[in-house]
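Notes to accompany the following structure.
Sequence lines set the chain letters: A, B, ... in the order given, protein chains first and strands last, and positions in each chain run from 1. Side chains included, hydrogens not; waters and symmetry mates left out as well; all remaining heavy atoms used.
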There are 2 protein chains.
Amino acid sequence: MSIREEKKQKTKQAIMDAAITLFSTNGFENTSIEELAKAAGVGKGTVYGYFQTKTEILHAFCEYELDQIHKELVKQANPNAPILEQVLTIYMTEFNHVTRNKEFGRIFMRQTVFPDENDAQDHLEIDDKYFQLLFPILKKAQDRGELRKNIELLHITRHFYGLYILIMSSWYTGRIPTEEVSSALELIFRQALEGLQPHSDSKSK
Amino acid sequence: MSIREEKKQKTKQAIMDAAITLFSTNGFENTSIEELAKAAGVGKGTVYGYFQTKTEILHAFCEYELDQIHKELVKQANPNAPILEQVLTIYMTEFNHVTRNKEFGRIFMRQTVFPDENDAQDHLEIDDKYFQLLFPILKKAQDRGELRKNIELLHITRHFYGLYILIMSSWYTGRIPTEEVSSALELIFRQALEGLQPHSDSKSK
DNA sequence: TGATAATTTCGACTGCAGTCGAGACTTAAA
DNA sequence: TTTAAGTCTCGACTGCAGTCGAAATTATCA
């Protein structure tokens, strides 16, 4: 690797590291780019050579975090557990990660759900990753007869996602305390499922 | 009314009017407070005498708009229509209003769902108004047997609200085009209802 | 190795949200 | 009508996100 590329690598990492530290310690809004630049040992303009906007720095870390979460999920997943259990596990794992840095999670959710015009594109990718995780799980559940066959999987993922956003929103606005998030999510997913699973009196399994 | 109060009234209205015009014409982000102040014929500082932040100006108009929407809804409501129809009417009316000023609606939704720490309180009121509108409708539907009796009304309102947020988000991020919002909403509400209404083979009405 | 081209770095600069205190206007009381 | 207290108005000022072009660093090739 050339000197140039090596330096770039290092600089970018230094900026990322500084960002993670400062955002976590002082919050996103309370961290100025100038401050961040100084902490990373570079000039302000340099930061903008690596990231186009302040939120983009957040996104970079978000993507990394989400990757971690997804990897973890894929590992610990139990593809034969009831669908409710699996879906709950997925979202609660995500929630627990977000919990560790509330500030961070709020901005991430906000940008994902109602992004600025400029960076609306970024998030389509993230969503893709989410759908790709959920699809096989739902497919299996459908095969097992836990979910109706006459509903598109995409609509089911959306349904769950919508309810997750709702609960997150309630949490961020203080309507649901942290310790009740799990039960609230379970309750509303259960509600959703009663409609998603086939109506039949022959509840075999 | 004293001269002073009269003046204040007028000034506030002038700011509001200028805001509505400029935000609608040039968008929220592209309108500076200085510009707004000039259009209203006052100094910059004066604007901040009436509103604490730029978003608060938006909120003032939002509240007004929502009031209009709610009044309209209460009038045109048909309390005996099927629950799906009623709920769809409510949200589509809201959506249509938002459509008229997309910019505006996006920021409103965003602030409502994932607000800044500072103005998290504001929105609890708005939500209350929403719940008070939905409650009697759902209660009636429950009495008619269209909704299960063993689910708290609050959870039902939340369920619908979550799905509405999801659809709005999909619209804002361009995943659902305007002309499909109505059918997407209907589809997902139908999904939700199949679980919300009692399971029974005696589908009388 | 030296000279030129390509890339990267930097901080002074622009534009805007929000603050603040000096001064203008309004009210109340004599 | 005068004056003192209370209230409102204003724009200069602060702080920060993001831009830009001049200077420094690295690559390329004779």
task = Look only at the side chain of B:Q86 and the backbone of B:A81, and say whether a donor-acceptor pair between them is shorter than 3.5 Å.
result = yes
inquiry  = Without decimals, in angstroms, what is the distance between A:L58 CG and D:dG18 P?
reply    = 12 Å
ask   = Which is true for A:Y50 with a 4.0 Å heavy-atom rule: it touches a base, it touches only sugar-phosphate, or it touches nothing?
value = sugar-phosphate
ask   = Does a side-chain N or O from A:Y48 land closer than 4.0 Å to OP1 or OP2 of C:dT9, or not?
value = no
request  = Examine D:dG18: is either OP1 or OP2 under 4.0 Å from a nitrogen or oxygen in the side chain of A:K44? Give yes or no.
outcome  = no
note = Which of D:dC10, C:dA12, D:dC8 is nearest the side chain of B:K8? It is D:dC8
key: Protein-nucleotide distance (B:E29, atom CD; C:dA17, atom C1'), rounded to Å   = 13 Å
Atom pair CD/NE2 of A:E94 and A:H97 - distance to nearest 0.5 Å = 9.0 Å
query = Do B:K54 side-chain and C:dG18 base share a donor-acceptor contact under 3.5 Å?
reply = no
key: Atom-to-atom span, NZ of B:K7 to C1' of D:dT9 - whole angstrom   = 9 Å
inquiry  = Any N or O donor-acceptor pair under 3.5 Å from the base of C:dT8 to the side chain of A:R4?
reply    = no
request  = Using whole Å, report how far CD of A:E35 lies from C1' of D:dA17.
outcome  = 14 Å
note = Here the distance between atom C1' of C:dT9 and atom NZ of A:K12, to the nearest Å, is 16 Å
key: Atom-to-atom span, CD of B:E56 to P of C:dA17 - whole angstrom   = 15 Å
query = What does A:G49 touch in the nucleic acid at a heavy-atom separation under 4.0 angstrom: a base, only the sugar-phosphate, or nothing?
reply = nothing
query = How do B:T31 and A:T11 order along DNA chain C: which one's closest nucleotide is nearer the 5' end?
reply = A:T11
query = Closer to the 5' end of DNA chain C via nearest nucleotide, is it B:E34 or A:G41?
reply = A:G41
inquiry  = So, OP1 or OP2 of C:dT8: does either fall under 4.0 Å of a side-chain N or O from A:T46?
reply    = no
note = A:N30 CG to C:dA17 P, in whole Å, measures 19 Å
message = Treating B:T46 as the side-chain partner and B:V42 as the backbone partner, does any N or O pair qualify as donor plus acceptor under 3.5 Å?
response = no
ask   = Would you call B:K38 and B:E34 a salt bridge, using N to O less than 4.0 angstrom?
value = no
remark   = From CD1 of B:I33 across to C1' of D:dC13 the rounded distance in Å is 17 Å
inquiry  = Under 4.0 Å between a side-chain nitrogen and a carboxylate oxygen: does that hold for A:E194 and B:R148?
reply    = yes
query = For C:dT26, does either OP1 or OP2 sit under 4.0 Å from a side-chain N or O belonging to B:S2?
reply = no
